[in-house]
Student: 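Once you've had a glance at the structure underneath, I'll fire off some questions.
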Amino acid sequence: MRVALVITRGDDVGGANVHVRDLALGLRDDGHTVCVLAGGEGVFADMLRALDIPVVVLPHLGRALRPWQDLRAFFEILRALRDFRPDIVSTHSSKAGWLGRLAARLLGLPSVFTAHGWAFSDGVPLLPRRVYRLAEKLAAAIGDHVIAVSEYDRRLALDLRVTRPGRITTVHNGIPTLPQTQGADCMRQPPTLLMVARFAPQKDHATLLRALESLPPALDWRLRLVGDG
């Protein structure tokens, strides 16, 4: 089987990028032919090349909403899919999910969208939440199936009538088997906490800091934050 994976950003590495990388490797190891379509040059595109995973860079595909750029990105996706001739299109992240499913529909190709969290979840301002919900509802009607990475996301999509129960499935993210490593030294004082996440509002470093602030002053600890942004 030939599988095209479409993701919005090729210039950064987040959870969705790692998922696409591992999915591409797993599909290739199972004997399938894969190609990743990613927006922009950068660390993710370089990572795929280092793993000998074919990647098509889409120069005009980006996260921000820019209608003229998005139209050009759509035609880039359309051209790449025509050249690769996949049996199925797997889309990841909101912008790639919308444009990728539309391109697949026009080419008569089946498509699936993996929702790595919804843009209309709680905490998003009301007007953008309504716009994102409508956009995802339209896109779900274009594609063939939606994968939610958590049961919360599946229930949220159903509760808001983004799609029907038979068109969305929960598939939890997995990780490769890791080698045995030495456990943490629980007796080390002071204990060191480590948070690995990009510095972005949705990663919510503030909650961790507030929790640590609530600890008794007599408790000693160290915190290390690893990420960028």
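These numbers come from the heavy atoms of this one structure, side chains and all, not from hydrogens, waters or symmetry mates.
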Student: Hey, is the main chain of A135 close enough, under 3.5 Å, to the side chain of W98 for a donor-acceptor pair?
Tutor: yes
Student: Do L208 and L223 have side chains that approach each other closer than 4.5 Å (heavy atoms only, starting at C-beta)?
Tutor: yes
Student: Taking atom OG1 of T33 and atom CG of D87, what is their separation to the nearest 0.5 Å?
Tutor: 9.0 Å
Student: Roughly how far apart are L37 CG and L99 CG, rounded to 0.5 Å?
Tutor: 11.5 Å
Student: List the atom of V89, the atom of A104, and the distance in Å for their closest heavy-atom pair.
Tutor: CG2-CB, 3.9 Å
Student: Looking at S93 and T8, would you say the former's side chain and the latter's main chain have a donor-acceptor pair under 3.5 Å?
Tutor: yes
Student: Starting from the C-alpha separation in whole Å, work towards a yes-or-no answer on side chain to side chain donor-acceptor pair (under 3.5 Å) for T114 and H116.
Tutor: CA-CA 6 Å; T114 299; H116 300 273; 4.9 Å; no
Student: Just wondering, do V20 and L48 contact through their side chains at under 4.5 Å, heavy atoms?
Tutor: no
Student: Working to the nearest 0.5 angstrom, can you tell me the gap between L71 CG and R66 CZ?
Tutor: 15.0 Å
Student: One pair to check against side-chain contact (heavy atoms from CB on, under 4.5 Å): L106 and F74. What are the steps and the verdict?
Tutor: CA-CA 11 Å; L106 290 178; F74 169 73; 3.4 Å; yes
Student: Would you compute the distance between atom CZ of F120 and atom CG of D153 and round it to the nearest 0.5 angstrom?
Tutor: 8.0 Å
Student: Taking the side chain as every heavy atom from C-beta outward, state whether K95 and R63 have any pair of such atoms under 4.5 Å apart.
Tutor: no
Student: Is the backbone of K203 close enough, under 3.5 Å, to the side chain of R198 for a donor and an acceptor to pair up by distance?
Tutor: no
Student: Count I, L, V, M, F, W, Y as connected when their side-chain heavy atoms are under 4.5 Å apart, and connections chain through other members. Are V56 and I53 then in the same cluster?
Tutor: no
Student: Would you say D220 and Q189 make side-chain contact, with heavy atoms under 4.5 Å?
Tutor: no
Student: R133 side chain to L160 main-chain N or O, any donor-acceptor pair under 3.5 Å?
Tutor: yes
Student: Any ion pair linking R210 and E213 (charged N to carboxylate O, less than 4.0 Å)?
Tutor: no
Student: Side chains of E76 and R79, heavy atoms from C-beta outward: is any pair under 4.5 Å?
Tutor: yes
Student: What is the minimum heavy-atom distance between M195 and H205, and which atoms define it?
Tutor: SD-CD2, 3.6 Å
Student: Is the side chain of R72 donor-acceptor paired with the backbone N or O of H60 at a distance under 3.5 Å, no angle test?
Tutor: no
Student: Which atom names give the shortest non-hydrogen contact between A140 and V146, and what distance separates them?
Tutor: CB-CG2, 4.5 Å
Student: Is any side-chain heavy atom of L81 closer than 4.5 Å to one of P86?
Tutor: yes
Student: Main chain of G14, side chain of N17: is a donor-acceptor contact present, judged purely on distance under 3.5 Å?
Tutor: yes
Student: Output, in order, the C-alpha distance, side-chain angles, deciding distance and verdict of side-chain contact (heavy atoms from CB on, under 4.5 Å) for D52 and R28.
Tutor: CA-CA 10 Å; D52 292 325; R28 187 182 66 182; 3.8 Å; yes
Student: Would you check if L5 and V3 make a side-chain contact, meaning some heavy-atom pair closer than 4.5 Å?
Tutor: yes
Student: For residues 136-150, which residue pairs qualify under salt bridge (Lys or Arg N to Asp or Glu O under 4.0 Å), counting only residues two or more places apart or in two chains?
Tutor: R101-E136
Student: With heavy-atom distances below 4.5 Å as the criterion, would you say the side chains of L212 and L193 are in contact?
Tutor: yes
Student: Answer yes or no: is there a donor N or O on one side and an acceptor on the other, between the side chain of T91 and the main chain of V112, under 3.5 Å?
Tutor: yes
Student: Please answer: with hydrophobic residues joined when any side-chain heavy atoms are less than 4.5 Å apart, are V226 and V43 in the same cluster?
Tutor: no
Student: Drop me the distance from F199's CZ to D228's CG, to the nearest 0.5 angstrom.
Tutor: 8.0 Å
Student: Answer yes or no on whether R9 is positioned over the face of F44, meaning its NZ or CZ is under 6.0 Å from the six-membered ring centre and within 45° of the axis.
Tutor: no
Student: In Å and rounded to the nearest 0.5 Å, what is the CG to OG distance from L102 to S111?
Tutor: 9.5 Å
Student: Tell me the closest heavy-atom pair linking A157 and W118, and the distance in Å.
Tutor: CB-CZ2, 3.8 Å
